[in-house]
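Written below as structure tokens is the structure these notes are about.
Whatever order the structure lists ligands and atoms in, that order sets their numbers, starting from 1.
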Amino acid sequence: MLDQFLWGGSIAAHQCEGGWQEGGKGPAIMDFVTKGSKETARTITSEQLPELSYPSHQGIDFFHRYQEDIALFKEMGFTALRLSVDWSRIYPNGDDEQPNQEGLDFYEAVIDALLENNIEPIVTLYHFELPIHLVHQYGSWANRRVIDFYLRYCETVMKAWNGKVRYWVTFNEMNHIDPENEHSDIFTYMIAGLKYSELKNPKQQLAEIGYNMTLASVKAVRLAHRINANNIVGCVFGLNPIYPYNCDPDNVLQAFLENDRDYYQIDAVCQGAFPKYKLAEFKKIGLEIQVTEEDNEDFKHGTLDFIGLNYYFSSIAEPKNSDISKEASLFGGIQNPYLEQSKWGWAIDAKGIRYVMNYLYRRYGLPIMITENGLGSPDVIEEDGIHDSYRMTYLQKHIEQVRLAIEEDYVECIGYLTWGPIDLVSASTGEMSKRYGFIYVDLDDEGNGTLQRRKKDSFYWYKQVIASNGKNLAID
Ligand code: BGP
């Protein structure tokens, strides 16, 4: 690994901050999503219902405890922390004329605390945090005006923390908006504040949203470079390799095509043009996207400096016309007989991270930052501590594959950040018991607990990994 390799973790505002009505924050989309579970989807409500529990309201109280948490990250030896800024703390309605100074002050204090501890802040500008007013008033990202509001917000924070923040991320996982796929409500909602089942013309709307977000990303890159030529700007994609069910060429092609849908936006933000093949595909199914000359200029000049990769699992493409696809849809995906699964049914596939890193690097030639990776698991508190060997084993195997990608395959990788270095609310289920952290937070799925922080065994292990720059992965 490089000498200045970035080691640390990633968190997102709506999953950890809490303080949802403090500091002048406005309501954002995830403030209307209740707790769900492994079996039950989270409910999205149109107003706040007092009898329901909304995990983003309390988070893990990072809003008040960030100093203590950053001190723990420092103790582990972090050299980077990726955190998101909640747009609704800066512009409570999204379309306000003036920013909310309290929101700017809050994040500046967090950034200063990181810098004082020699931790590089990596700021995600959009991680499922959209002011709800922009959904109600403008119809979310399907409306181009939202791009302007997003850029106003980006400009405000980029100028406010100019020189303090060098690494910026334009979007987290916008690739989950895929016009070709049917979606569950929660996925389109997390990214755009819209329920899939309520979209009048889902293909058209998702294509517009996908296009507008990629356009917003290239414009934000240009803006960041204009504000400070030393800014290093990436965009984060959630990618899982989709393997063919077997070597039947139909299944191999099917897997390729499913995989490929994740890449049109990456092509758009890395290759200097919105891909013609995608516009042709849209046209064929009757979707019209208005592409202006100005858009083309932005795509040309707004390419990324690095690609952020969120990697958790691999999956299998459902074979066509077979009983297996029926079975798979009952259980939410075909199980890979060569792999074990997490308690939440995600296939544990360390080699998959090497696969995607290679694929990305060979296709785009841009540096890669692993921006999320980790195992969601319940933990047990024993008298003498929290012995999370399963978490260490998962991370050990993945870091080993990252090392192979760098040393054997010559992939340029600039950092490795685990997801949720401190336990936080799960995005997909809203549970606390789906824990990723090295630091345990005393809070249960019902929102009860002291919020006290405790070090797990993995805390000491990750510290040793970082201290050895990834060489010592041994688990005692
Ligand atoms: C990624 C998101 C994160 C995070 C992670 C784990 O897709 O960027 O916000 O939550 O997935 O998912 P979950 O919390 O559902 O276990």
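- Judged by distance alone, the side chain of Asn100 and the main-chain N or O of Gly23 form a donor-acceptor pair under 3.5 Å.
- Looking at Asp262, its side chain never comes within 3.5 Å of a backbone N or O of Leu239 through a donor-acceptor pair.
- Among Lys25, Glu129, His14, the one residue that satisfies the side-chain contact (heavy atoms from CB on, under 4.5 Å) test with Asp31 is Lys25.
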At less than 3.5 Å, what protein N or O atoms come close to the N or O atoms of ligand 1? Include the distances to 0.1 Å.
{"unit_1": "ligand 1", "atom_1": "7 (O)", "unit_2": "Glu173", "atom_2": "OE1", "d": "2.7"}
{"unit_1": "ligand 1", "atom_1": "7 (O)", "unit_2": "Glu173", "atom_2": "OE2", "d": "2.8"}
{"unit_1": "ligand 1", "atom_1": "8 (O)", "unit_2": "His127", "atom_2": "NE2", "d": "3.3"}
{"unit_1": "ligand 1", "atom_1": "8 (O)", "unit_2": "Asn172", "atom_2": "ND2", "d": "2.9"}
{"unit_1": "ligand 1", "atom_1": "8 (O)", "unit_2": "Glu372", "atom_2": "OE1", "d": "3.2"}
{"unit_1": "ligand 1", "atom_1": "8 (O)", "unit_2": "Glu372", "atom_2": "OE2", "d": "3.0"}
{"unit_1": "ligand 1", "atom_1": "9 (O)", "unit_2": "Gln15", "atom_2": "OE1", "d": "2.8"}
{"unit_1": "ligand 1", "atom_1": "9 (O)", "unit_2": "His127", "atom_2": "NE2", "d": "2.8"}
{"unit_1": "ligand 1", "atom_1": "10 (O)", "unit_2": "Gln15", "atom_2": "NE2", "d": "3.0"}
{"unit_1": "ligand 1", "atom_1": "14 (O)", "unit_2": "Ser426", "atom_2": "OG", "d": "3.3"}
{"unit_1": "ligand 1", "atom_1": "14 (O)", "unit_2": "Ala427", "atom_2": "N", "d": "2.7"}
{"unit_1": "ligand 1", "atom_1": "15 (O)", "unit_2": "Ser426", "atom_2": "OG", "d": "3.2"}
{"unit_1": "ligand 1", "atom_1": "15 (O)", "unit_2": "Ser428", "atom_2": "N", "d": "2.9"}
{"unit_1": "ligand 1", "atom_1": "15 (O)", "unit_2": "Ser428", "atom_2": "OG", "d": "2.4"}
{"unit_1": "ligand 1", "atom_1": "16 (O)", "unit_2": "Lys434", "atom_2": "NZ", "d": "2.8"}
{"unit_1": "ligand 1", "atom_1": "16 (O)", "unit_2": "Tyr436", "atom_2": "OH", "d": "2.6"}

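- Environment of CD in Gln271: crowded, with over 12 heavy atoms of neighbouring residues, nucleotides or ligands closer than 6.0 Å.
- The side-chain contact (heavy atoms from CB on, under 4.5 Å) test with Leu81 is passed by exactly one of Leu417, Leu114, Val123: Leu114.
- Checked against salt bridge (Lys or Arg N to Asp or Glu O under 4.0 Å), Arg403 has the following partners two or more places apart in sequence or in another chain: Glu400, Glu407.
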